[in-house]
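Per chain, numbering begins at 1; letters A, B, ... match sequence-line order.
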Amino acid sequence: MLSSLIGYYALILGLTISFPIFFFSIRNFKNREILDNKIINFTFIQLFLVIVSFIGLIFSFIYSDFSNETVFNNSHTTKPLFYKITGTWGNHEGSLLLWLLVLTLFIFIFLIKSKNLLKEYRILTLLFQQIIIIGFFVFLIKSSNPFNYISPAPKEGLGLNPILQDPALAIHPPILYLGYVGSSIIFSSVLSATSLNYISKTWATHIKKWVLVSWIFLTLGILLGSIWAYYELGWGGFWFWDPVENVSLMPWLALTTLLHCVLILEKRSLLSSWVIILSITTFTLSMCGTFLVRSGILNSVHTFANDPERGLFILIFLFILILISLVIFFTFHKTNRDSLVSFSLLSKETSILINNWFMMYFLSVVLIGTVYPIFLDVISSEQISVGPPFYHKLIIPFLIPFLIFMAIGPQLKWMKSGLHSKFYLLILFALSILISFLILKIFNAILLINTILVGSAFYLFFVTIRDFIFKRNKNFSQNLSHFGFSLLILSILFNNIFSTEIITNLKVGEKFDNDKVQITFTNLKKFEEKNYVSFKGYFLIKERKLEDNLEPELRVYNQPNIITSEADIKTSMLSDKFITMNTVQNEEYFNIRYQVKPFMVWIWISVLLISLGGALSLLRGKSV
Amino acid sequence: MINKTFSFLFVISLVFIFFIFYKGLNKSSLYEPKNEIKNIPKFSALTFFEKKKINSENFFEQNEYYLINIWASWCLPCREEHPLLLRLRDNDKLKLIGLNYKDNFESAKKFLNKLGNPYEKILLDEDGTKAIEWGAFGVPETFLIYQNKIVLKFIGPLNEKSFDKIEKIIK
Amino acid sequence: MKILKFFLIIIIVFYFTPSNANDYELENKITKNLRCLVCQGQSVYDSDSEFAISLKLVVSNKIKEGLSEDQIYNFLIEKYGDWILYDPQFNKYTYLLWFLPLLIFLFGGTIIFKKLIRLK
């Protein structure tokens, strides 16, 4: 009760703080040499108020204050404390409040960390960021107020969807938002730098850190979402090309491209217009993601509450931002600087250009695949689905040259041709293709495209390993990320090619038998938990004389009344054993799905390596 | 000059995209197959009581209206529409055919005994494959048939509105 | 280069076309490509809804009857519309979907190519 009220008024007060920030910023912009401390103070007050508001919401959740509509809709007294707290951002209103929190937090950090930079640039960035912040404040207060009041207060809440009650998903939104919102700083900063004609090497070095920060968080955020989908959705897949997943992948692709581009800008003052466009694109895609997910315009597995009115607000806001950035880009940006410098054909610049080219292609595939059904439906009322086969067909063939360029690119030098006596690159290539061929041949999974694809992934793998050995400290972090990427592609490929599965119906005491595997359904037990009843199946699995006990679960949650199927997974370095059970409409049979998924854990590890590379580069503060 | 045309094109396409998204917002993102008039599918099924095999070719008479209703005793909306089906039974221009979907024979019989049997004939669909031949994806679904063509299709339980629609066509 | 050619020849010589996938794998391949109408974000393969279970049965029956993959798709499209396929078919509604990304790729390629030519 009280905490909701405090939260609400803190939110309103937070919005009003934007006025003094604007006032002092504009006054300070023209007058003094140094940044007025009042601006930083007010930014801090705004941040503080949003934190208060956020904590207010958390406390409403902890004390199950059902006079608060958000709490009523998404919580329940029997829910464990941990999920009461994480339920704060597991819903629309709370997650937007978190967005706002990160927005204000980042701009405050930005102001503190940019002391050595031009005053006008800092102020202008703050102002652009304030426009976004005000947009979110208004959106929250007007159409997604987390502190709506219900009277009389209900005795019990509606509960949180049980598949969202999961540790990975509990921290997934905050991490992902750190990535999304990080791109807002890049956006504001690039607009301000363009207006002031401040795009330069110094600026590139400074903004690279923000690019890295958002990139690392976005990578980790996607990873967490993927891990959650793997064991909670219970199908054994980790990436479904579902619109909501695509929406997080798109800013990642744009950000990765930007990361490489900023390098050229930092080292060679090249491609400034491209950097500007990419920065704007990244943030637009993040916002677009929020729009597509929150408006319910997309038909996705991840069910979120749909509300066209909210969608319309984000849509208008998004287009205002795009319009502002376009006006700034076309009026202020001068492009003549680029053509003065040149570089050679076989140089690092070329390789980064090629990287950009492919990344933009991948981005366009994902973007078009995601929004095309919406366009088609509106224009011709035809409804189609765009799913995994589409993305695979358009992306996989292009991965081959992409991987090869990725291996060769870092071997080149800036400006001048540097690839004369690199005989080993050829040898490694031949070796990779041969190894890939032999592996696939042994396991009888041979197909031309598989061989070449696995071969090119091995190529990147070996080249990066060779660099670890011979170049040790030079570009270590970049090499680590590239190595992680090759490992990721290899694990995904092997995972896809060598996965096996058995689907069968069993009842307690029955046994499934084929020449490789024996599955025995030994027992079924019922457990009463705090907010659900669990039916645990006990399975004994014999495979090549190895015995494993697996215990998948069916959970019947009381509030809301939903049945979820919890997979049991035995993870080892080489493969995951994954089992789920489900009810069958009639009688005592259960539908059992048993899968062996090789190299599963390496998919997670390799993504961690990729982001670790980014983190190292950030800590060293040197070249990526 | 190039900049100007470029920005102009940009703005035009932005407006276009905005318009599409705006329109898309008001459309339901849930998919339902369209109601297109189609021929009835070929299938064979057992009858509910007699367990006699029946083929679709010689089952429907040309100048007769049929109402195929997919139902199951475990489906709650089926109970909801049941009174309407009983009312439709009283119309002698219409023959009601039930398609019992993935049901247990005993509980289906209990269901009919308790609530009344509106159907002239009931066919069995034990594994749900016949419903798929009909292009159905859930229970209940209802098809109005005339001259071996699907005239009307209802997804979900019937209501007063659909009742009136059916009566109007039969007249 | 010689080594490269040598390996290439080895691979081509050893190459053989993969044996035809068995019925079970074909069924999985088809059901992975079908979208479930009940839980509309999952494939029929992944879904455990009644509809999906029956549809899996229908697909396996059709395979046994000797229908080809495309025939099964056409059968289902007739019943449920294009929406049911995750892999959109080539037709006047989807040309743009398939070709737009490739056009963008070519467009990007030309820009980069022009830039590199200018450098020379």
Give a yes or no on whether the backbone of C:I104 and the side-chain of A:S364 come within a donor-acceptor separation of less than 3.5 Å.
->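 Such a contact is absent between A:S364 side chain and C:I104 backbone.
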**Item:** Heavy-atom donor-acceptor pair, A:W357 side chain to C:F105 backbone, under 3.5 Å
**Value:**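 Such a contact is found between A:W357 side chain and C:F105 backbone.
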Within residues 370-377 of chain A, which positions have a heavy-atom distance to chain C below 4.5 Å?
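Only A:Y372, A:L376 of residues 370-377 of chain A have a heavy atom under 4.5 Å from chain C.
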Taking every non-hydrogen pair under 4.5 Å, which of [options] racks up the most with chain C?
| options | result |
| --- | --- |
| A:N591, A:L353, A:L363 | A:L353 |
| A:P388, A:G369, A:S385 | A:S385 |
| A:F390, A:F362, A:W241 | A:F390 |

Heavy-atom distance under 4.5 Å between the side chains of C:Q42 and A:D242, does that happen here?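 No. Closest side-chain heavy atoms not under 4.5 Å.
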Are C:L102 and A:F398 packed together at the side-chain level, in the sense that at least one heavy-atom pair is separated by less than 4.5 angstrom?
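Side chain of C:L102 against side chain of A:F398, heavy atoms only: contact under 4.5 Å found.
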[atom1] of [X] to [atom2] of [Y]: how many Å apart, nearest 0.5 Å?
| X | Y | atom1 | atom2 | value |
| --- | --- | --- | --- | --- |
| A:I503 | C:E27 | CD1 | CD | 8.0 Å |
| C:Y80 | A:Q383 | OH | CD | 15.5 Å |
| A:I384 | C:R35 | CD1 | CZ | 10.0 Å |

Counting only heavy atoms closer than 4.5 Å, note whether [X] contacts chain C via side chain, backbone, both or neither.
| X | answer |
| --- | --- |
| A:I379 | neither |
| A:E382 | side chain |
| A:L394 | side chain |

Q) Around C:F113, counting heavy atoms of other residues, nucleotides and ligands shown, do more than 12 lie under 6.0 Å from its CZ? A)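 Not buried by this count: 12 neighbours or fewer within 6.0 Å.
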Side chain to side chain donor-acceptor pair (under 3.5 Å) against A:N355, all qualifying residues, sequence neighbours excluded: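 Per chain and number, A:N355 pairs via side chain to side chain donor-acceptor pair (under 3.5 Å) with no residue.
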* Given a strict heavy-atom distance threshold of 4.5 Å, which part of C:S43 is in contact with chain A: side chain, backbone, both, or neither? ->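 Looking at C:S43, nothing touches chain A.
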Requested in this report: Check whether C:L96 gets within reach of chain A through its side chain, its backbone, both or neither, counting any heavy atom under 4.5 Å.
Outcome: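 Both parts, heavy atoms under 4.5 Å.
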Note to self: Report, in residue-number order, which members of residues 84-93 of chain C are under 4.5 Å from chain A by heavy-atom distance.
What the structure shows: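 Residues C:L85, C:Y86, C:D87, C:P88, C:Y93 are the ones that qualify, each having a heavy atom under 4.5 Å from chain A.
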Identify whether NZ of Lys or CZ of Arg in A:R593 sits under 6.0 Å from the centre of the six-membered ring of C:Y45 and within 45° of that ring's axis.
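Satisfied, under 6.0 Å and within 45°.
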Q: Using salt bridge (Lys or Arg N to Asp or Glu O under 4.0 Å) as the criterion, list what pairs up with C:E69, not counting sequence neighbours.
A: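 C:K29.
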side-chain contact (heavy atoms from CB on, under 4.5 Å), that's the test. Do A:L271 and C:K115 meet it? Break it down for me. CA-CA 11 Å; A:L271 299 177; C:K115 204 168 178 108; 4.2 Å; yes
